[in-house]
Amino acid sequence: MCGRITLSTPAARLIELFQLTDFPRMDPHYNIAPTHLVICIRSQENEKQAIPMRWGLVPSWAKDLSIGNRMINARSETAAEKPSFRKAWTHRRCLIPVDGFYEWEKPAKPGSKQKQPWLIHAADNTPFVLAGLWESWQPPESTGETVLTCSILTTSANADMSPIHDRMPVIIPPEHHATWLSASTTTSQLTELTQPAADGILTRYRVSTAVNKATFDSPECIAPLADTESTDLQLF
DNA sequence: CCAGACGTTGTT
DNA sequence: GTCTGG
DNA sequence: CCAGACGTTGTT
DNA sequence: GTCTGG
């Protein structure tokens, strides 16, 4: 779950949301896939910074970048114990702003229909912030540049998501951003912050199956179909 | 001791 | 790097 | 997450 | 069917 996201919110608005002075230059993208860059906000020596990172966490011991291809999500319930995630869980948490994310609903009857893609977004059409872990990876033999990578944490679905899926990304509301990024946050606080989001904050609409093939920076792929559950989404 | 895994989702 | 399984 | 490949030898 | 690449 949570294997595609969108981010077209202008940098100025994200600067305001995170109270930053600097922000990386990024064009709007409507179909961000694993291995693409996502924006991560991390706290580095008490300095908050927004940095593009490769989506798919590559543990420091990995011999190959491709290991990150299946590390796009981390279960919040078990990340503290998993060898690939536990150091990041303790020391390298980050925030990942999105406009929304895609979820592919399985066909009700097996073998019948095609999967239905939905775009899930905030009910109030504002960008929102996912909980992530990040890692720094150095290619073996010192050949090539250090690569920053990240993973999106998941938790069980809230009432908004459960009709189409049993998991959802962890969402961190603005009042908890600082706690999530702080190095002194306790285990019990982390458990609290990774609970499913409050019911009612998300809504969704059907998108064309063309989302699969759309280029990832085209707004076409988030155009709602006629049969839609919310009609008031605006581009940011 | 060394060798091999190290992950999630969803589906069966 | 660190843990698990053989 | 989906889309697309899924193989080797030898020759150019 | 299952893995890899994006």
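These figures come from a predicted structure and were not determined experimentally. In what follows, every chain begins at residue 1, and chains take the letters A, B, ... in the order their sequences are listed.
Using modelled atom types, no side-chain atom of Ser151(A) and backbone atom of Gly56(A) make a donor-acceptor pair closer than 3.5 Å. Judged by distance alone, the side chain of Trp137(A) and the main-chain N or O of Thr146(A) form no donor-acceptor pair under 3.5 Å.
With P as the reference atom, dG7(B) and dG6(E) are 24 Å apart, rounded to whole Å. Comparing dT2(E) with dT9(D), their C1' atoms are spaced 25 Å from each other, to the whole Å. Rounded to the nearest Å, the gap between the P atom of dG4(D) and that of dC6(B) is 29 Å. If you take atom P in dC3(E) and the same atom in dA5(B), they sit 13 Å apart, rounded to whole Å.
Ala62(A) comes within 4.0 angstrom of nothing in the nucleic acid, heavy atoms only. Across all strands shown, Arg75(A) has heavy atoms under 4.0 Å from sugar-phosphate atoms exclusively, and none from any base. In this structure, Phe85(A) reaches the sugar-phosphate backbone alone: every heavy-atom distance under 4.0 Å involves primed, P, OP1 or OP2 atoms, never a base. Among the atoms of the strands shown, base atoms are found under 4.0 Å from some heavy atom of Thr35(A). At the heavy-atom level, Asn69(A) lies under 4.0 Å from base atoms of the strands shown. Note on Thr215(A): nothing from the nucleic acid sits closer than 4.0 angstrom, heavy atoms only.
In this structure, Trp61(A) forms an aromatic stack with the base of dC6(B), since both conditions hold: centre separation below 5.5 Å and plane angle below 30°.
Between the CE atom of Met71(A) and the C1' atom of dG7(B) there is a distance of 5 Å, rounded to whole Å. What separates CE of Met168(A) from P of dT9(B) is a distance of 13 Å, to the nearest Å.
Between Arg92(A) and Leu133(A) the shortest side-chain heavy-atom distance does not fall below 4.5 Å. At a threshold of 4.5 Å between non-hydrogen side-chain atoms, the residues Ile5(A) and Val38(A) count as touching.
Across every strand in view, dC1(D) sits in a pair with dG6(E) that passes the Watson-Crick or G-U test at under 3.5 angstrom.
Once rounded to the nearest 0.5 Å, the distance linking NZ of Lys48(A) with OG1 of Thr21(A) reads 10.0 Å.
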